[in-house]
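In this chain, residues are counted from 1 in sequence order. In listed order, ligands and their atoms are each counted from 1.
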Amino acid sequence: MRYLTLAALLIGACSTFTTALADIAIQNPDSRNAIVLDGRWDTIIDPYENGYYNHRYEESDKGYFKNAKPLNPSDLVEYDFSRSPKLNVPGDWNTQDEKLFLYEGTIWYHRDFDIGKKVDQTYAVYFGAVNYHATVYLNGKKVDTHEGGFTPFQFDITDQVKSGVNSLVVKVDNHRERDQIPTVNTDWWNYGGITRSVKVLLYPKAHIQDYFLQLSETEEGVLEGWVKVENVAKENAEAQKVELRIPELNVTQKISLNKNGEGRFAVAAKPVLWSPESPKLYSVDLHYMQDVVHDKVGFRSIQVQGENILLNGKSIFLRGISIHEESPLHAGRAWSEEDARVLLTWAKELGCNFVRLAHYPHNEAMLRVADQMGLLVWSEIPVYWTVLFNNPTVYNKAETQLEEMIARDKNRASIIMWSMANETPSSSARLKFISNLAQKARELDPTRLITAALDTQSDENGAKAIDDPLSSIVDVIGVNSYCGWYSATPASCANLKWISRYKKPVIMSEFGADALQGLHGEKAQRWTEEYQADVYLNNLAMIDHMTFLRGMSPWILKDFRSPRRPLPGVQDFWNRKGLISDKGIKKKSWHILHDYYMKKTVD
Ligand code: GCB
């Protein structure tokens, strides 16, 4: 009987594979052989893009990417990487040199690497993230470009790379434009640079490009998914199969591939389900000829039913906190496993089972650590505020970032929701834009919930009504509301009533107030810890009356850098809505939310 069902599943499964787009990085690059290129890189600041354009403003053929050296004393070369300042990779440039704190524009990065080139081997240069535009050159020639500051990409360099020393140059440009994702104005720092790891990946020509595995949504006791092999070998039957092994579940399954190298599987297994209380991960190996990929994967289900969110079939309340990708250990962008551990340990300590990773895809370590620690995750693309919803090119940029995020993270049990947007102004163009994104996300990953953070609520007889038409598109409605900070007095919030026009789960995806840690006074005095605490107390009372509420992620775990926050002596270019200061000190509101979550755990 079971075998019949499995066979039916296999035949019936015909939805799309995530097709390998040119720049989409290989699945799980950390499990591949690699030459890691992190460390000190030579850099040249280039505000006029002199290393790229000639004086006629045409793309130059003698730019800095040539990494040229004068060969004769009479030669004119007006730059020299080897004598130029160094910057750390990974790392934003803004916090590595005071002069670069506010810099937005182009910086050139250079470093050499040495290899002994082998035949039948693919070489790809992989970037965890570069903000915002990257133009990559190898040995003086352009390889390719990438746009988008928070997702990985890779370029095949097999033909260009040579045995011996290779010169890698990257032009990084973070100047803001209206037609970008995100657009010109945000409430976070536009950190520039090669902000995540760089490596040269080495793998066989015929290799496992991608895979997706999860608990079947329709069949109990079944794991299902797909694999995609690039350059599938055609010579013998064995070369048309991938072997999946999950030793702890006694799974050894051969997966047949079609002529495009694609194969689906469904296999009987009864894993211990992943949950915040028991974040069980299984070792998973995939073998294809000489290629082996190793991963750690958790299995759980996530669904909505009316106003409930069901994790493994049981209704759950998401005790969350929002987090920006800023390091708790040093100034600037977070990127390391240590950063992730400190941030997520704080979230655990607060009593959270959920984190909203705002407002863009965070580095992969955050998701891997969330998987290990048992934190449910909301993951988001930076369709933030007023992007150009009428512009098809802008849509394509957003869709590419969505694809790159899902491609990288689709095997992480921690992620339960993909968020399409944050606080976008209502219009028909915006509804179409975000509906198309949601449809794309569902095609790429039918196993997770779709959400968006909305800030348009209308007033109805003294109550707040959730009536943004985008609510009809999403599975879970996120509501951002700053009662007591941007509107009303804190005391009035406790009795504020909410109504929803949709029978769907709602998450209060943001609320909060600024406080300078250590500034004390009356609770009516802005910027004091007492004011912030009062906002929390009253908002939590309000939340208790929202019958359809299934979670929250107050704004925000830690103070973060923002160019919109200049108030001297208070903000000094920090958004002060953190429960923890930029120095890592807890404010009064931390304890209020902590106590609230402790009670919620017992309820
Ligand atoms: C919001 C935004 C968030 C801001 C926050 C604030 O509604 O979603 O990005 O940082 O408010 O502090 O105003």
Side-chain angles (χ1 to χ4, degrees), residues 149-150 176 180-191 320-326 333-334 343 355-362 378-387 398 417 419-426 430 434 451-457 464 466 468 470 474 476-488 490 493 506-517 526-529 531-533 535-536 539 542-543 551-567 570-582 587 589-590 593:
F150 301 100
R176 288 167 294 126
Q180 294 175 352
I181 297 289
T183 184
V184 283
N185 59 331
T186 65
D187 189 23
W188 71 83
W189 210 261
N190 180 26
Y191 291 113
I321 191 72
S322 295
I323 305 179
H324 256 297
E325 193 190 38
E326 277 197 7
R333 275 265 169 266
L343 290 169
V355 287
R356 175 181 177 204
L357 302 185
H359 282 300
Y360 37 75
H362 286 213
W378 157 319
S379 181
E380 179 165 335
I381 50 169
V383 176
Y384 181 92
W385 290 353
T386 312
V387 307
M417 269 180 261
S419 174
M420 302 297 106
N422 180 74
E423 295 186 354
T424 48
S426 191
R430 165 267 207 172
I434 297 175
T451 191
L454 316 176
D455 74 338
T456 36
Q457 306 106 28
K464 285 267 170 212
I466 298 170
D468 185 328
L470 193 52
V474 297
V476 175
I477 303 170
V479 172
N480 292 358
S481 171
Y482 281 87
C483 189
W485 186 254
Y486 291 125
S487 65
C493 305
V506 175
I507 292 178
M508 187 61 75
S509 39
E510 287 180 32
F511 71 88
D514 287 60
L516 179 65
Q517 184 276 318
R526 289 259 175 187
W527 315 112
T528 60
E529 289 198 36
Y531 190 107
Q532 189 191 41
V535 167
Y536 267 80
N539 274 266
M542 173 187 86
I543 274 167
M552 58 186 186
S553 49
W555 196 252
I556 185 170
L557 182 65
K558 185 184 87 63
D559 290 354
F560 62 97
R561 280 281 183 203
S562 170
R564 296 172 61 87
R565 312 292 173 179
L567 188 65
V570 176
Q571 294 176 313
D572 298 311
F573 294 104
W574 290 95
N575 183 314
R576 296 287 185 199
K577 293 192 186 70
L579 298 176
I580 299 179
S581 74
D582 60 292
K587 305 178 193 173
S589 304
W590 162 281
L593 188 60

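- In summary, Arg526 and Asp514 do not engage in a salt bridge, as defined by a charged side-chain N under 4.0 Å from a carboxylate O.
- In summary, Glu325 and Arg333 engage in a salt bridge, as defined by a charged side-chain N under 4.0 Å from a carboxylate O.
- Regarding atom 2 (C) of ligand 1, its nearest protein heavy-atom neighbour is Glu510 OE1, 3.2 Å.
- Of all atoms in ligand 1, numbered sequentially from 1 with element shown, those under 4.0 Å from a heavy atom of Asn480 are 8 (O).
- The proximity of Ile556 to ligand 1, defined as any non-hydrogen pair under 4.0 Å, does not occur for either the backbone or the side chain.
- Every atom of ligand 1 with a heavy atom of His359 under 4.0 Å away is listed here by number and element: 3 (C), 8 (O), 9 (O).
- His324 has its ring centre less than 6.0 Å from the ring centre of Trp555.
- The nearest protein atom to atom 7 (O) of ligand 1, hydrogens excluded, is given as Glu423 OE2, 2.2 Å; this is a heavy-atom distance.
- When only modelled atom types and interatomic distance are considered, Asn422 and Arg356 share a side-chain donor-acceptor pair under 3.5 Å.
- Assignment of Trp188 to the shell around ligand 1 is not supported, since no heavy atom sits closer than 4.0 Å.
- Under the 6.0 Å cut-off for aromatic ring centres, Trp188 and Tyr360 qualify, their centroids lying closer than that.
- By the 4.0 Å heavy-atom criterion, Trp485 is excluded from the residues contacting ligand 1.
- In the vicinity of Tyr384, heavy-atom distances shorter than 4.0 Å reach the ligand 1 atoms 2 (C), 3 (C), 4 (C), 9 (O).
- The protein non-hydrogen atom at the shortest distance from atom 13 (O) of ligand 1 is Tyr486 OH, 2.5 Å.
- Ligand 1 places these atoms under 4.0 Å from at least one heavy atom of Phe560: 10 (O).
- Aromatic ring centres of Phe511 and Tyr536 lie closer together than 6.0 Å.
- Atoms of ligand 1 lying under 4.0 Å from at least one heavy atom of Asn575, given by number and element, are 6 (C), 10 (O), 12 (O).
- In this structure Arg576 satisfies the salt bridge (charged side-chain N to carboxylate O under 4.0 Å, His left out) test together with Asp559, Asp582, sequence neighbours excluded.
- Residue Asn422 places at least one N or O, backbone or side chain, under 3.5 Å from an N or O of ligand 1.
- The pair Arg430-Asp468 counts as a salt bridge, with a side-chain nitrogen and a carboxylate oxygen less than 4.0 angstrom apart.
- When atom types are taken as modelled, the side chain of Arg565 and the backbone of Phe573 share no donor-acceptor pair closer than 3.5 angstrom.
- For atom 4 (C) of ligand 1, the closest non-hydrogen atom of the protein is Asp187 OD2, 3.2 Å.
- In this structure, Trp574 has its ring center no closer than 6.0 Å to that of Trp527.
- If you check which protein heavy atom lies closest to atom 12 (O) of ligand 1, you get Lys577 NZ, 2.6 Å.
- Contact annotation: for Arg565 versus ligand 1, heavy atoms closer than 4.0 Å belong to the side chain alone.
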